[in-house]
Amino acid sequence: MTDSAVAADLIADRLVPFPKPHFLAAADLDPPFAASLLDLADAFVDLNRQSSKALDLLRGRTILNLFFENSTRTSSSFEIAAKRLGADVVTMPVGASSVKKGETLIDTAVTLNAMRPDILVVRHGASGAAALLSQKVGCAVVNAGDGRHEHPTQALLDLLSLRRAFGDVGGLTVAICGDIAHSRVARSNVALLSMMGARVRLIGPPTLVPGDADRWGCEVFHDMREGLSGCDVVMMLRLQLERMDGALVPSTREYFRFWGLDREKLSWAAPGAKVMHPGPMNRGVEIDSDVADDLSVSLIQDQVEMGVAARMAVLASLSARLEGAA
Amino acid sequence: MSLAIVNARLLDPASDFDGPGCVLIEDGVITVVDHGPSARRADQVIDAGGLCLAPGLIDIRVRTGEPGAEPKETLKSASLSAAAGGVTTIVIQPDTDPAVDDPAMIDFIQRRGAALGLVNVRAAGAATKGRGGTRMAEIGLMHEAGALYFTDGDQVVADSRVLQRIMAYATAFNAMIACRPADPWLSEGAVATSGELATRLGLASAPAIAERIQLERDLALVEQTGVRFLVDQISTEAALEVLARARARGLEVAASVSINHLCFNEVDIGDYRTFYRLDPPLRPESDRRALVEAVRDGLIEAITSAHTPAPAEDKRRPFAEAAPGAVGLETLLPAALTLHHEEGIDLLDVLRPLTEGPATLLGLDAGRLAPGAPADLLLFDPGAPVVVDADALRSKSKNSPFDGRRLQGRTARTIVAGRTVHAA
């Protein structure tokens with residue numbers, strides 16, 4: 001058998017139908033299923049590293065990438081994932097067309113639904129938008145980020161990166177640092193990492209960490225030295241520049257001084273600690289290039305690679321559920 | 001280099017000690033405090049001759065004109081004025097031009113102050129950029145540079161969301177925020193307190209509740225954010241009640257009062273005397289009485305001079321057009337001593353909000369007669385009569401409402417880090 005045939009067999013072995021009709025939030029997963037999804041994603045990683053990456057698992061399926069917010073990396077990651085699985089993909093930067101013409105989200109959904117897609121991948125600036133769409137369409141919906149609510153595939157790819165780096169996520173102490181308040185990445189990661197047995201800490205200025213975040217089952221810190229002490233993983237979040245000119249943080253230099261990850265701050269974490277960032281990075285604001293580019297500590301490039309594999313696993317699994325239903 | 005001050009009446013609010021004693025100083029630091037008559041050998045011995053020896057005064061609200069309005073006041077003239085008044089630490093307000101709203105400015109003021117070799121010059125940072133009330137200033141970096149607290153001074157942060165964020169943010173550094181309680185809309189354009197007198201004089205006035213309303217808001221935000229907070233220049237009885245209620249609920253908030261509001265009431269405005277045009281405006285006698293009682297009961301952490309230099313050209317105007325504020329560094333001690341002489345408040349209780357109170361509030365080592373504390377000292381005669389002569393003040397601006405007043409209390413010697421910086 002060829003390498004790709006081996007991979008295809010492995011994938012067929014590991015393919016488990018998605019337990020829910022949509023993937024809207026980290027809570028749609030449960031620990032055993034998340035683990036099997038990661039096993040599947042591992043197989044996709046192997047496949048993706050071969051020269052011949054194409055599968056026909058999703059042949060005949062139509063996937064619509066519906067991005068109401070600009071995003072290059074997430075939309076291309078989904079597009080590549082779908083194409084490698086043999087699906088027909090249409091990526092629609094909706095922000096530029098129907099929204100400007102005054103069409104509501106529901107109208108857009110109904111219109112697109114009439115085109116009979118199998119999976120709708122949605123990114124929208126409003127929290128709850130993906131859930132609303134899922135109620136109005138007949139296909140599976142994958143939330144690719146809704147407002148400041150959830151970004152579950154990001155959490156899944158982070159989990160995949162961590163499991164590959166550490167073997168097991170259970171028992172790890174993960175610090176999520178920065179703009180927790182506005183971050184869907186943080187919310188999905190808190191849910192998924194906690195579900196998988198990791199201990200999650202949140203670190204950031206009080207203006208960027210919700211006051212009741214400690215009720216999420218996380219420890220909250222405002223001081224990096226205290227918060228990073230003993231952490232195995234430091235997950236930095238992107239800080240939107242418009243939040244930094246005195247609205248929530250006085251300035252980028254002050255933010256970097258107290259919450260930007262550099263060598264010194266990283267040294268406060270546990271020995272061998274790994275650094276993550278969902279991208280795109282603001283170098284010199286939330287993270288120093290010196291740390292971000294050091295492959296011995298940074299998982300940032302891995303995260304991008306894992307993104308494609310994790311999304312392939314999600315799409316394949318949702319498609320398997322559709323087959324079961326048919 | 002050692003220095004002994006013998007034969008003194010020690011007044012130390014921190015240890016509640018009022019009695020004869022002697023203090024030994026080595027290398028600028030107090031090393032021994034003897035209670036009871038004693039004599040210590042030292043390189044230099046000062047015989048106090050029975051005068052009072054207290055910690056040097058700490059004034060947490062001093063405005064200057066440096067940078068930006070040097071003809072009004074410089075750090076040097078303010079320091080000279082402080083030294084002459086027995087004030088050994090001054091905290092410069094950020095309302096200069098440009099405002100003290102970044103760490104380099106904090107550094108500038110501290111360096112300039114230190115280079116003068118007079119009193120300890122410290123700084124408060126602005127809470128918002130340019131004191132504009134909209135964008136948070138670099139509180140963390142300024143705190144690191146040595147800013148003692150953060151305030152927009154007389155400029156009220158009107159936007160509650162901005163203030164809430166500032167307060168929440170400050171908690172990350174355990175930094176203290178100070179706010180003037182004055183509802184900005186009710187207070188707009190007001191130069192007097194609403195009442196019969198303001199009506200008769202025809203002055204634009206704000207009701208006293210403008211202070212209460214804003215204080216209620218500020219304290220609600222303090223309660224929510226948990227920030228360390230200073231009520232800057234409380235001036236009405238109604239606000240004191242709000243403060244007392246908040247403290248009864250367990251909220252830890254400090255309050256300061258200006259010496260002017262302890263010594264004067266609105267009647268002093270009299271025939272439109274602009275030296276009594278203050279901000280907050282002078283209040284009815286009932287408010288002044290309530291403030292005096294609050295000092296007596298130890299409810300006020302700090303008495304300030306609210307030193308606000310304004311040159312003659314800014315004061316020689318119709319009352320409503322005159323610049324608000326009064327200088328007060330040099331008159332702070334005798335003015336405060338009226339609380340002892342006229343109101344019968346114990347000397348230690350008068351000195352506490354001028355020494356230990358602000359020191360504890362700002363986390364300073366000074367403000368006490370104790371081994372290890374810096375030798376910032378004030379030797380004074382509490383009973384000596386003085387007639388205030390505004391023209392003789394060291395301040396570049398002479399706008400003293402005490403001009404011509406007969407007070408008691410003369411600074412004999414001011415010592416900073418063991419060095420005499422003023423001797424009468």
Side-chain angles (χ1 to χ4, degrees), chain A residues 148 175-183 201-215 218-229 236-237 239-262 264-265 268 284-286 288, chain B residues 94 98-107 125-147 149-152 155 157-177 220-229:
Chain A
R148 54 176 82 166
I176 305 180
C177 311
D179 187 359
I180 314 287
H182 303 92
S183 175
R201 295 180 184 177
L202 303 176
I203 314 175
T207 41
L208 296 179
V209 181
D212 39 16
D214 52 342
R215 295 197 202 154
C218 310
E219 274 187 284
V220 173
F221 296 88
H222 301 307
D223 180 79
M224 285 285 265
R225 184 188 285 268
E226 268 176 57
L228 289 181
S229 166
M236 301 307 298
L237 297 174
L239 186 57
Q240 303 291 343
L241 291 166
E242 64 268 21
R243 299 196 174 116
M244 259 178 304
D245 192 24
L248 291 160
V249 173
S251 63
T252 54
R253 66 173 181 177
E254 175 154 330
Y255 189 80
F256 184 73
R257 167 69 187 79
F258 295 106
W259 293 282
L261 188 68
D262 55 13
E264 193 197 357
K265 295 196 188 81
W268 301 334
V285 178
E286 71 256 2
D288 196 4
Chain B
V100 181
D101 64 357
D102 75 11
M105 288 289 291
I106 297 286
D107 199 50
T128 63
K129 287 177 182 160
R131 302 193 309 120
T134 55
R135 294 180 304 136
M136 196 190 301
E138 291 177 320
I139 289 170
L141 293 174
M142 285 193 279
H143 176 74
E144 213 173 40
Y149 66 93
F150 299 90
T151 177
D152 275 359
Q155 200 68 40
V157 180
D159 186 327
S160 302
R161 186 166 74 161
V162 171
L163 185 60
Q164 182 210 36
R165 286 171 171 176
I166 289 167
M167 286 180 170
Y169 189 78
T171 63
F173 307 96
N174 198 26
M176 188 167 74
I177 302 292
L221 291 173
V222 170
E223 200 162 353
Q224 191 218 9
T225 56
V227 71
R228 288 175 56 222
F229 188 72

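Numbered from 1 within each chain, the chains take letters A, B, ... in sequence-line order.
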Engineer: Of the non-hydrogen atoms in A:P206 and B:A172, which two are nearest, and what is the gap between them?
Structural biologist: CD-CB, 3.5 Å

Engineer: Return the minimal non-hydrogen interatomic distance between B:L141 and A:E254, and the atom names on each side.
Structural biologist: N-OE1, 3.1 Å

Engineer: If I take atom NE2 from residue B:H143 and atom CZ from residue A:F258, how far apart are they, to the nearest 0.5 angstrom?
Structural biologist: 8.0 Å

Engineer: Would you name the heavy atoms of B:M136 and A:V249 that are closest together and state the gap between them?
Structural biologist: CE-N, 4.4 Å

Engineer: Identify which part of B:Q164 has an atom lying under 4.5 Å from any heavy atom of chain A, answering side chain, backbone, both or neither.
Structural biologist: neither

Engineer: Is the closest side-chain heavy-atom distance between B:P103 and A:R253 below 4.5 Å?
Structural biologist: yes

Engineer: Only one of A:L248, A:L208, A:T207 forms a side-chain contact (heavy atoms from CB on, under 4.5 Å) with B:Y169, so which one is it?
Structural biologist: A:T207

Engineer: Quick one: of A:P250, A:P205, A:S251, A:A247, who has the most non-hydrogen atom pairs under 4.5 Å with chain B?
Structural biologist: A:P250

